[in-house]
2 protein chains.
Amino acid sequence: MGIAERKEREKQQRRKDIIDAAEKVFFSKGIEAATMEEIAEAAELSKGTLYLYFRNKEELQYAIKMRASEILGDQFLNQLDEKSNGIEMVERIGRSFIEFSKEFPDHFNLMMHFEGKNLDNLNMEDPHIQKYFREESPLILFTRVIAKGQQDGSIRNDITAEVLTHNLWAMTTGVLQFLTKQRMVLELCGHPGDVAHYIEGLFSILRSGIAKIRKS
Amino acid sequence: MGIAERKEREKQQRRKDIIDAAEKVFFSKGIEAATMEEIAEAAELSKGTLYLYFRNKEELQYAIKMRASEILGDQFLNQLDEKSNGIEMVERIGRSFIEFSKEFPDHFNLMMHFEGKNLDNLNMEDPHIQKYFREESPLILFTRVIAKGQQDGSIRNDITAEVLTHNLWAMTTGVLQFLTKQRMVLELCGHPGDVAHYIEGLFSILRSGIAKIRKS
DNA sequence: TTTAATTTTTGACTTTTAGTCATTTTATAA
DNA sequence: TTATAAAATGACTAAAAGTCAAAAATTAAA
């Protein structure tokens, strides 16, 4: 029974090779400019083969975005710390997100690209995508941290952990998107934004926004 | 000297006609599926003529997005109210944004589409775009309201009005983007989101986040 | 080992659409 | 009425995504 298993392994390896090649091409040429033909060349395969492993260009891009999320999730994991309370850990996680954007700018940009895009061209039944959302999304870990903060009394508990999580995530990505893609716009408005300044503003607002409300 | 003026007027009218046609086609067929050929037909012009008025497809989309922003800016204007203090007006403006998304869903979607997109294909020297950013963007009005809130003591003043404004805007659009485009994702995560619930969470977080910090 | 069946890969081909530009049409000035 | 300028046309080009019948490679059977 070893042949079927070996073939399956080889298939997964080829899939991985294609994603590697796509990463190189997307990141060097830019996500829009990169062509499937170029990716095929980089993977030493023909274009047709790509379509045996990925339904379309977008699904291939999404495979890279899932990798990016994995990296980010690992960084989040490193921020867990028994000594800190929930809200401190949330801040650490937030800052590690900023670090991630600097350390892996290409992966970060790809993530942001999908953050504001409908996913109609994607097959949501795809097992890779299903698995990602059920088990690997960084938001799963983040929700646990928020819940911990609610238990230790550092984070407000009048909003469910899920709603808090998704709001925090969406607010943060919203600001990061704004800062990366609209830098020229800011200049046009006459605010040649000091990015760090904006980030500190964001954290400050969020800190007050999610902290347990002190009874006065 | 009347001829040059009339010609200029006619030119602007034709430009408007093209945007009208584009609006119809983009909104009925969807922004991706719509073709320049279809828009030309709808405008009773040839495709080439479109390119005399707009550099490329994206610039035409952006013209509609600017219209959307104008509508939104008008709605913001209606929320101004001498009796309310700054933070109350900010909340009213926020809620009018939600109303806008329901009343003009197509315009809203187009706005969100551009909110997370680089503008490389756009000619930022274009006078229409310049004018928009300098004079018409809803953010200009919003900044004034924030500043008022800082003066009347209802909004924190340890962050500049501009940074507060852009952060609030980016956070809100981030959440709205998340809710519209990722509805299916939320279901996949096992949170068949009650959208209104998320929105209330957002407002609650932002209220605490930007309020003047009371000395305890 | 040879042959048949199955799986995987290929790349030429189709289709679609954005954007161009030489030519034609229309409007203005002489 | 003719010349000049401005505006509009649509056939054409280029680029790239996605398809599919045929070829190559692999595995199973005889």
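Residue numbering restarts at 1 for every chain, and letters A, B, ... go by the order of the sequence lines. The structure displayed is predicted, hence computed values, not measured ones.
Taking atom CG on B:Leu50 and atom C1' on D:dA7, their separation rounds to 14 Å, with Å as the unit. Going from atom CG of A:Leu52 over to atom C1' of D:dA25 covers 14 Å, rounded to whole Å. Taking atom NZ of residue B:Lys11 and atom C1' of nucleotide D:dA8, one finds them 13 Å apart after rounding to whole Å. One atom, CD1 of A:Ile39, and another, P of D:dA15, lie 18 Å apart when rounded to the nearest Å. Atom CD1 in A:Ile18 sits roughly 11 Å away from atom C1' in C:dT9 (whole-Å rounding). Counting to the nearest Å, the P atom of C:dT8 and the CD atom of A:Gln12 are 12 Å from each other. Between A:Arg9 atom CZ and D:dT26 atom P the separation is 16 Å, expressed in whole Å. Protein atom CD1 of B:Ile31 is 15 Å distant from nucleotide atom P of C:dT17, rounded to whole Å.
Between A:Leu139 and A:Thr165 the shortest heavy-atom distance is O-CG2, 4.0 Å.
Between B:Tyr53 and the phosphate of D:dA7, there is no side-chain N or O to OP1/OP2 separation shorter than 4.0 Å. Taking only side-chain nitrogens and oxygens, A:Arg14 never comes nearer than 4.0 Å to OP1 or OP2 of C:dT8.
Classified by interplanar angle (parallel below 30°, tilted 30° to 60°, perpendicular above 60°), the ring pair B:His107/B:Phe104 is perpendicular. Using the six-membered ring where Trp is involved, B:Phe76 and B:Trp169 have ring planes that are perpendicular, over 60° apart on the 30 and 60° scheme.
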Any chance you could lay out the side-chain contact (heavy atoms from CB on, under 4.5 Å) test for B:Val90 and B:Leu206, step after step, and finish with the verdict? CA-CA 10 Å; B:Val90 167; B:Leu206 292 183; over 6 Å; no
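Considering only heavy atoms from C-beta on, A:Tyr53 comes within 4.5 Å of A:Lys11 through its side chain. At a threshold of 4.5 Å between non-hydrogen side-chain atoms, the residues A:Leu164 and A:Gln150 count as touching. Residues A:Phe108 and A:Met112 have side chains in contact (heavy-atom distance under 4.5 Å, counting atoms from C-beta outward).
Residue contacts for A:Leu45: at a heavy-atom cut-off of 4.0 Å it reaches the sugar-phosphate backbone alone, with no base atom in range.
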Protein proximity profile, nucleotides 18-30 of chain C - base contact B, sugar-phosphate-only contact S, no contact -, cut-off 4.0 Å on heavy atoms: BBB-------SS-
